[in-house]
Structures are given as C-alpha cells and as structure tokens.
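Some notes on the structure that comes next.
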Amino acid sequence: MEASLPPYLASLNPEQLEAVRHSGGPLLILAGAGSGKTRVITTKIAYLVRERGVEPESILAVTFTNKAAREMRDRAAAIEPRCGRSTIRTFHSFGAWFLRRNAAAAGLDPNFVIYDDDDSTTLLHAAFPQYTRSECGRIASALARAKDLGLEPDSPDLSAAFRDPQLRRAYAVYEERLRRTGNVDFGDLIRLPARLLRDDPAVARRTRQRFRVILVDEYQDSNVAQFELLRLLAEPSESSAEGAYLCVVGDDDQSIYRFRGAEIRNILEFPSIFPGTSVVKLERNYRSRQSILDVAGQVVSRNAGRLGKELRAERGGGERPKLVLLEDQDEEAAHCARLCEARVGSGGSWSDLAILYRTNAQSLTFEQEFSRRRIPYRLVGALRFYEREEIKDSLAYLALISNRRDEVAWKRVVNKPSRGIGEASAEAVLALAEGESPGGLGDLVAASRRAAETVKGKARSGLTGFAELVDGLGGLLAAGPSGRSGDETLAAFLEAVVKRTGLADYHRGQDEIAGTQKIANLDELVNAASIYPRSAEGLAAFLETIELDRSLIDDKGRREGQAPDAVTLITMHNTKGLEFPVVIVTGMEQGLFPRDDEEGEDLEEQRRLFYVAITRAKDELYLSACRWRRLHGRLSQTLPSRFLSEIEADSLERAGPGSGDREARRNGERRYGQSLGEPGGAGPRGTAGQARGAGAERPEASPWRAGQAVYHDDYGSGVIIKVSPTPSSGPLVVVRFETGRQAQFFPRFTSKLEPSRT
DNA sequence: AGTGCAACTCTTTTT
DNA sequence: GAGTTGCACT
C-alpha cells in the first residue's frame, strides 16, 4: 500500500480502497455479508469531501432503514465532520423532505401527514363500503405494490401486473380520495418526487444542480419506483451535461424483500442499464469462520439468478456448524435453552446468542421455555407499538389538528370516545366538506360544526362538542398553556390532547376491563414528544418522524442502543445487518422454511433468507429441525427442509440432542435423519424422487388403500378411509379407529402404523 | 349504538 | 390456537 495514504484509508483492503477511490462512470459495489460495506460507503463520503473537493451539500446518500442512515451519518462525520452537512437519509425520508420543499408544485398540503397501510385501507373502505375491510386491505397492498412498480392508474402495464380488472378503477378512486386529503402514502414518497422531476423542469434543474454524488446502500432491496427516482436524480440536465456520480452498494444474495416490491433485477442488471459501470466485489469476510461461510456458500450457489461471489473468511477455520433433529418444538426450545445456558456457563453472556425463526408465531414456545428457566431474552420486532389502538387514536387527533382535511384521521376520532355520532351524521359532515371545495375536501372540523345544525338528537351536541374540542386544541397548540408559552415541549401539549379528548379516561377504562397497558403506552408516546418544540412545526416533525421511523419507541420506551444482556429472539428477516457470536436457526422444516408452495423465484428468495441467517453467525452456528410441528393449531409431521440437503454432508456435524428421552428419540431420529443431506447434495429432488420411485408409480403394490384394516401402536385397530398422494412424503392415509377417533399419517415416517390381516 | 358470538385466516414487513 | 372481523341481536 502506498506510504502516502492518510490513516483512514490505509487500513482498507485493496478492493475496499479501489471502491473508495473510484470515480468517473457509475460504480456497483458487490459487498458480501460482513465485508465492511458500511465502512466503505462512509469512508467514500469522507474521501470525496476531503480529497476530491466535493461540497458535502452536494452528496446524497440513501439507505432503507433509519438505523442504517443514522449509522452512516455518524460514521462519515466521525471521519470528516463536514460530512454532517450531506443529505444522508432513508429513501422515504428523502422523499418527504423533497416533497415538503416542493409541496406547492406537487399539489400537497405543506403539512401533509404520511398514511401507513392501515390508513390506506381505511381510506379505501370509505370509498368502497361494499367491500369488507379485509378486502380493502388486500386492495391497499396491491395498490402499494403498483406504486412500488412505478405504475399509475392509467399505465397500460397495470393490467399485466395485476389480474383484477377492477384494480385500475380502485387505484384511480383511491388516488382521488388521497389527493383531496392533501396527504400521501409511503409509495407517494417515492413516486411523487419522481413525477415532479420528470414534469417540472425548474425543480429538476435545481435538484440536479444540488446533488452531484448519489450513493445507495442495500441496493438489492430497491424497487422499480426507487430505481426510477434514482435515474431521474442522476440524469444529466441542460445545465449540467454530466449526470451525478452514481454509486450503488448491495448484495444480490441478500435480497429478501421481493414480497414488498423489491426488484432484484435492479442490481443484477445495473451494469447493463448504466453503460460504463465499474464493478468492485468485496469478498473478504471479517465476521464469520470459514466453516460457516462454506455452508452459506453451498446453499446460495444453488440460485440461478445471482451475479456470483464467494466469501473468504479472514478469521479462518472454526467448528463445523451443527444440525440437531428434535421431536417437537418444545424440545427445540429446550435444546436452544441448554445451548444458551452452556454458553453462559462457560463464561459467555446471554447477548452472545440469537435464536432465529421464520415466523413470529414461532417465538411463543421460546418465550415460554426461557421464562420458565429464567433466561433473559429480548424479542425483536414483534411489538407493533404504533399499530395499537390507543396510539393510533392519539396520533389521529394530532394529525387532524395538523391537517383539517385528513379524512382518515377525522373518521377515526370523530366518534371516539363515543359522542353519539353514527354513520348517517358522519356522511352528512363529509357531504358538507365536499360541497365546500368542489372536487376536493374542505375543513372537516368546520364541516362537523355546520353539520350539527342539520342532524338531530345526540349527534347534534356531539358534533358541536367535537368541533369545539379540536378547535380548542388547535388554539392551545398555537397559544401555549394559558399565559406562558414557548418554553414547553410538545409532550405537554400531547398530554393535554390525551386528557381533553377523553382518550385517557376511555383507555383507562379499557385497561381496567381487559388488563391492558394502554395508559402506559400513551405515557410512552407523550414521553417521545418531549424532544419536539410545542408548535405547529414541532407537531409536523413529530408526526413525520413517527411515520417514518417506527423503531423509535418500543413498549418499554427504550431507545435502541443500550440493549440489556439477553438472548435475542428474532425473525430471520429482522437479522439483516446484525451479527452474533452464536446463531441458532430453528424450524428447518419443509413446509415452514421453505413453505411447500414456494417455488422458482420465491424459493430462491427463501434460500437467500437462509443465507442471510447463516451469515449472521461469527463463531458458532446451529441448525435445528423438529419432526412434529404445531402450526395453525394443527399438529403435523414434517420433513427436514430441502435446504438442509443442499449442504454437503461433511460440512455439517449431525449432533444428537443433549438430554431428554433418549429411547423414544432414537427411533424417530434415525428414521427422520435418513432423508437428510445425501452426500454431494442430491439436491432439490432428493426426497421427492424417492417417493415417486418407490410408491406412487406402483400404487397396487402399496398396502395403503382405502378399506385396508390397520393397527396403530397408540390408537389400536382401525380402517383406512382415505389415501392421498403427496409430492414428497409418500401417501397420506386417513384412518378411522374403532374408538371413533380419526387421524392421518404418513406411513413413510411412522413405524407405529401397520396393515393388519382382518 | 354498542355488545356478543361465530367464522375466518393464518409468512416475512426496512418505510 | 389465537386474534381479528362481520353480522346479528338488543
């Protein structure tokens, strides 16, 4: 390495250095797991400012999570303080920032609120009351996908992308309803800036003059709309013949958000879309042992749609990952608990360990077992603080105070707590508000007051009271508490809102009836508002932060960061970007991970998810599978995940469970293990092929036929009443026993069922 | 307008 | 098995 390099560059490896110093055409950095990706981006930002004379204000860096954005900002500023002036944000927060600055041009209320999926569903339900709420939910998510794809209500491609011919109309109506509220949804934060750049030359010129360098992190998770926004930002404009310098960083093997609209082709095809692209691969892994990377590499190499990378461990060898086969999920939880206890017993800490699973529902067994054994754990991501009723209620009042055309917020709180305002009165208000502003929507609070004159009974006083309440709160925000103003935070205002609306009493009552924690949650929300000033601007900032960064508070009001010493229970998706000395990937069963209906691109995505899970481990990796799995309230027998057979036999150590009912287990275990990991990785067809060759082709040779008498070790005598073939598990037989009990079995996997001669 | 019961549906979820 | 939603009932 050159002697002249400043210290912050000297410690980079040659590939990292190349990525940092690259300039000119577009750059694609393919950064494998644990390869120092964030370090490269932050160093590159600092390098551009320090060595290349780039103005920090002209740098735009976008990420997908607030956590990643914070980290990037902090680390870049730690190297070069001037980087604090760069725009380092999430895609969506950049979009919100951009739209607030160009609200008029975009046709938005400058104080617009951001609707989440639930709000979109409510808006749709208001527009299409003939559909149920859950149908509206499905339509809302289809519309969100359409926006991810950059499609408009009149795009010809809309019909190709979605089956339902009604969707186009639903999209158009939804857009109309959303526009008249003055608010936006998540998709709009990407789509509307792109549209503005396309249609408004003045805005486009100003924006392109400002941002000369654009960096994107986790590019494999970008969607089509985000791609279009990037291209429009980076495009040359009349004032600057050169487009912005575009650098994207990502790992095609870690693309796991297809179901949310992520388009892996964005990264796969980047070099052909942007001619002259340089590609730098970062394949030195500083996190995991080679034995772990071997397994990861074997699995992901089965994917067809990938650019191809091979990680090499800088930390060397390590123990082979261990696979443990267990009887059921209770034993799986006990096994995990024993591993945790062993680690702590030998001087480690609880926080060294992470238990990974595919679905949140799987966490329950672990929680119970860990509580019983007094093992401290923290559950990541399952808490949906902002989706709770009491939180949404309070935020709806705030949103309505901020934007009095917010139909969704108004609808939510106009009769909450109950003021005797029913469907008919609400319709009357809406009709008035619509009349007030042709084609749009007027002030819903004023309309509520005026509608009071036309309705009768309880609704009349209810509407008047509601309007006075909201007006009063609006005044309270502007004026401050009687006399003194200025030196109070938004928390005091929010507290007043919760009290004066009656929400506090209402939810306190709920707490008493149902033993919930609603008041405690409201306290946390109030607490979170304390870092904002008591003003309209402070309120708007608070609402935006809450919509765009839901990790800010959890139930205990803890900020991320000072995590207690506890075992981490977490979904595989949520582990992206994290690392642990010891990782246990649980539920490695066919039907769960992957699901039986996951094929083709979906299957490849699940394989990438497994890859992400594996590469979280620094020193030790355990995999576990259960023979019996309780799912959706049903107990069923399972086969080991096909992913396990994709790992070479000698890369894994097959370990028995540490203790327990050995005798019972030995039988099951041996049989269960048979179909596992044929050497050389017989591949996806391993188990299915066997089934086809053996049973299904010669059904007459099978003893499993309807009418056949059988005997079962536990249930006694019975008769087969139904046999159905399965693609990979042999026949499934349904037996009615003499006791009247009915049960189903896979004869291939049980020795307890046998044909009898009667 | 509010309550209660039956029926339905179950992934993953950066923003 | 659990949580949510829709409908019917009062």
Side-chain angles (χ1 to χ4, degrees), chain A residues 62-70 89-96 114-118 120-121 125 129 131-138 141 144-145 147-148 184-191 217-223 225-226 254-262 356-365 380-382 384 386-387 389 415-426 457-459 462 513 544-552 570-578 587 591-598 602 605-606 608-610 612-613 630-635:
Chain A
V62 287
T63 67
F64 282 85
T65 68
N66 291 287
K67 196 175 154 207
R70 274 193 292 271
R89 288 174 173 263
T90 65
F91 256 112
H92 290 86
S93 115
F94 169 74
I114 300 157
Y115 279 169
D116 64 16
D117 297 350
D118 194 52
S120 296
T121 302
H125 197 38
Y131 297 135
T132 66
R133 203 184 149 80
S134 53
E135 281 168 331
C136 290
R138 302 180 82 86
S141 64
R145 288 297 82 75
K147 290 190 176 186
D148 290 342
V184 299
D185 62 20
F186 279 121
D188 288 342
L189 294 176
I190 309 299
R191 193 183 63 131
D217 191 14
E218 305 280 12
Y219 186 64
Q220 76 282 352
D221 289 332
S222 60
N223 61 36
Q226 286 160 338
Q254 294 189 66
S255 172
I256 56 173
Y257 285 107
R258 186 176 125 91
F259 66 95
R260 284 186 69 130
L356 276 54
Y357 37 79
R358 177 69 235 281
T359 69
N360 280 308
Q362 287 164 256
S363 74
L364 189 65
T365 320
V380 176
R384 300 254 182 275
Y386 294 101
E387 283 167 28
E389 182 193 13
N415 194 36
K416 194 160 188 181
S418 176
R419 301 181 177 90
I421 300 160
E423 192 63 33
S425 314
K458 241 194 282 180
I513 298 163
E544 174 164 324
T545 307
I546 275 180
E547 283 303 335
L548 292 182
D549 189 357
R550 305 220 148 172
S551 66
L552 275 181
I570 190 168
T571 62
M572 297 189 211
H573 280 90
N574 267 324
T575 59
K576 199 157 75 155
L578 304 178
L592 181 63
F593 186 48
R595 285 159 52 127
D596 289 323
D597 59 354
E598 285 166 330
D602 290 330
E605 174 140 317
Q606 295 306 303
R608 292 192 289 268
L609 182 58
F610 188 31
V612 168
R630 186 179 284 285
L631 202 59
H632 308 323
R634 272 179 56 94
L635 186 66

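When reading the values below, keep in mind they use all heavy atoms of this one structure, side chains included, and skip hydrogens, waters and symmetry mates. Here is the naming used below: chain letters follow the sequence lines, and residue numbers restart at 1 for every chain.
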Table of protein N/O atoms under 3.5 Å from nucleotides 5-10 of chain B N/O atoms:
none

If the glycosidic angle is within 90 degrees of 0 it's syn, otherwise anti, so just tell me which one B:dT11 is. syn
NA contact type, A:Phe91, heavy-atom cut-off 4.0 Å: base, sugar-phosphate, or nothing? nothing
Please report the distance, rounded to the nearest Å, between CG in A:Asp185 and C1' in B:dT15. 11 Å
Atom-to-atom span, NE2 of A:His573 to P of B:dT11 - whole angstrom: 13 Å
Under 4.0 Å between a side-chain N/O of A:Asn360 and OP1 or OP2 of B:dT13, yes or no? yes
Lys/Arg N to Asp/Glu carboxylate O, A:Glu605 vs A:Arg608, below 4.0 Å: yes
Starting the side chain at C-beta, find the nucleotide from B:dG2, B:dT11, B:dT13 nearest to A:Gln606. B:dT11
Side-chain N or O of A:Thr63 versus OP1/OP2 of B:dT14: is the shortest distance under 4.0 Å? no
Between A:Ile114 (CD1) and B:dT15 (C1'), how many Å, whole number? 9 Å
Answer yes or no: are there more than 12 heavy-atom neighbours, outside A:Arg138 itself, under 6.0 Å from its atom CZ? no
Please state whether the base of B:dT15 and the side chain of A:Arg260 form at least one donor-acceptor pair under 3.5 Å? yes
Can you say whether the rings of A:Phe259 and A:His573 are parallel (under 30°), tilted (30 to 60°) or perpendicular (over 60°)? perpendicular
With a 4.5 Å heavy-atom cut-off, do A:Leu548 and A:Phe186 have their side chains touching? yes
Checking contacts here: which listed nucleotide (B:dT11, B:dT13, B:dT15) is nearest the side-chain heavy atoms of A:Arg358? B:dT11
When the distance from CZ of A:Arg191 to C1' of B:dT15 is rounded to whole Å, what number comes out? 16 Å
Has A:Phe64 got its ring stacked on B:dT15, by the test of a centre gap below 5.5 Å and a plane angle below 30°? no
Are the side chain of A:Thr575 and the backbone N or O of A:Leu578 linked by a donor-acceptor pair below 3.5 Å? no
Kindly give the heavy-atom pair with the smallest separation between A:Ser425 and A:Ile421, and that separation in Å. CB-CG2, 3.7 Å
Does any donor atom in the side chain of A:Arg595 or A:Gln606 lie under 3.5 Å from an acceptor atom in the other side chain? no
Look at all strands and tell whether A:Gly187 reaches a base, only sugar-phosphate, or nothing, counting heavy atoms closer than 4.0 Å. nothing
Could you pull out the protein-nucleic contacts involving nucleotides 3-10 of chain C (nitrogen or oxygen on both sides, under 3.5 Å)?
from	atom 1	to	atom 2	distance (Å)
C:dG6	OP1	A:Arg133	N	2.7

Spacing of A:Gln220 atom CD relative to B:dT14 atom C1', expressed in whole Å: 11 Å
Nearest heavy atom decides the nucleotide; on that basis, is A:Ala424 or A:Tyr257 closer to the 5' end of DNA chain B? A:Ala424
Pair A:Arg133, A:Thr121 - check side-chain contact (heavy atoms from CB on, under 4.5 Å), show working. CA-CA 7 Å; A:Arg133 203 184 149 80; A:Thr121 302; 3.9 Å; yes
Nearest nucleotide by nearest heavy atom, which residue falls closer to the 5' end of DNA chain B, A:Thr359 or A:Asn415? A:Asn415
With the side chain counted from C-beta on, respond yes when A:Leu609 and A:Phe593 share a heavy-atom pair under 4.5 Å apart, and no when they do not. yes
Report yes if at least one side-chain N or O of A:Asn66 is closer than 4.0 Å to OP1 or OP2 of B:dT15; otherwise report no. yes
Whole angstrom is fine here: how far is it from CD1 in A:Ile570 over to C1' in B:dT13? 13 Å
Have a look at A:Glu544 and say if it touches a base, only the backbone sugar-phosphate, or nothing, with a 4.0 Å heavy-atom cut-off. nothing
Is there a donor-acceptor pair closer than 3.5 Å between any side-chain N or O of A:His92 and the backbone N or O of A:Ile190? no
A:Asp221 has an atom CG; how far is it from atom P of B:dT13, in whole Å? 13 Å
Given 3.5 Å as the limit, does a donor-acceptor pair link the side chain of A:Arg145 with the main chain of A:Arg260, or not? yes
Between atom CD in A:Glu423 and atom P in B:dG2, what is the gap in whole Å? 12 Å
